[in-house]
Structure formats: structure tokens, C-alpha cells
Amino acid sequence: MRNREIVTQFKKSSFSQGDQQECVEVACTADGGRAVRDSKDRGVGTQFHGAVAWGAFLVGVKEGRFGR
């Protein structure tokens, strides 16, 4: 990952509504990657993922590789 500058506002997952406890927010970084943080506890830090890694993650989600 080359540039960790966050260039968009964080957006909360559409699954993070109501009484849901698993809340994440995602923002874009200057190099096309993503920044991810816990919306319930932003103080624990932010994870940064490069564009290639984020793309592979999205493919995995769409293919159902991750359980709920």
C-alpha cells in the first residue's frame, strides 16, 4: 500500500443498522485502496488495504467464501 491518505468520508455498512453489533465503516484511500474501522470503537484504529487486496476480498464475498 503506497498511500494511506483517506480521501472520502467513512460510510457505515448497510448491515450495521438497528441492533446489529458488527458495525464497520469503509473509506477510499488515495491509492485506490480502502480504510476500514469499527464504528462502535473508532479508537482501536483503522485497517488499510491496498486496491488489489480489497478487490480480492470483494470477489470472495460475492462468491460466498466467508460465513456470517
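- Closest of all the heavy-atom pairs between A51 and G32 is CB-O, 3.5 Å.
- Judged as a salt bridge (charged side-chain N to carboxylate O under 4.0 Å, His left out), not a single pair has a partner in residues 52-62 (not counting sequence neighbours).
- Using a 4.5 Å cut-off between side-chain heavy atoms of Ile, Leu, Val, Met, Phe, Trp and Tyr, with links allowed through other members, V59 and W54 fall into different hydrophobic clusters.
- Residue pairs satisfying the salt bridge (charged side-chain N to carboxylate O under 4.0 Å, His left out) criterion with at least one member in residues 41-52, sequence neighbours excluded, are listed as follows: E25-R42.
- The two residues R37 and F10 have their closest heavy-atom pair at CZ-CD1, 3.3 Å.
- Under a hydrophobic-cluster definition in which Ile, Leu, Val, Met, Phe, Trp and Tyr are linked whenever side-chain heavy atoms come within less than 4.5 Å, directly or via other members, V36 and V61 are assigned to the same cluster.
- In this structure, F66 is a member of the same hydrophobic cluster as L58, with clusters built from ILVMFWY side-chain heavy atoms closer than 4.5 Å.
- In terms of modelled atom types and a separation under 3.5 Å, the side chain of T46 and the main chain of A35 share no donor-acceptor contact.
- Note that the CG atom of D38 and the CD atom of Q47 stand 10.0 Å from one another [nearest 0.5 Å].
- E5 meets the side chain to side chain donor-acceptor pair (under 3.5 Å) test with no other residue; sequence neighbours excluded.
- Atom CD of Q9 sits in a sparse spot, with 12 or fewer heavy atoms from other residues, nucleotides or ligands closer than 6.0 Å.
- Annotation: side chain of F57 is not in contact with side chain of H49 (no heavy-atom distance under 4.5 Å).
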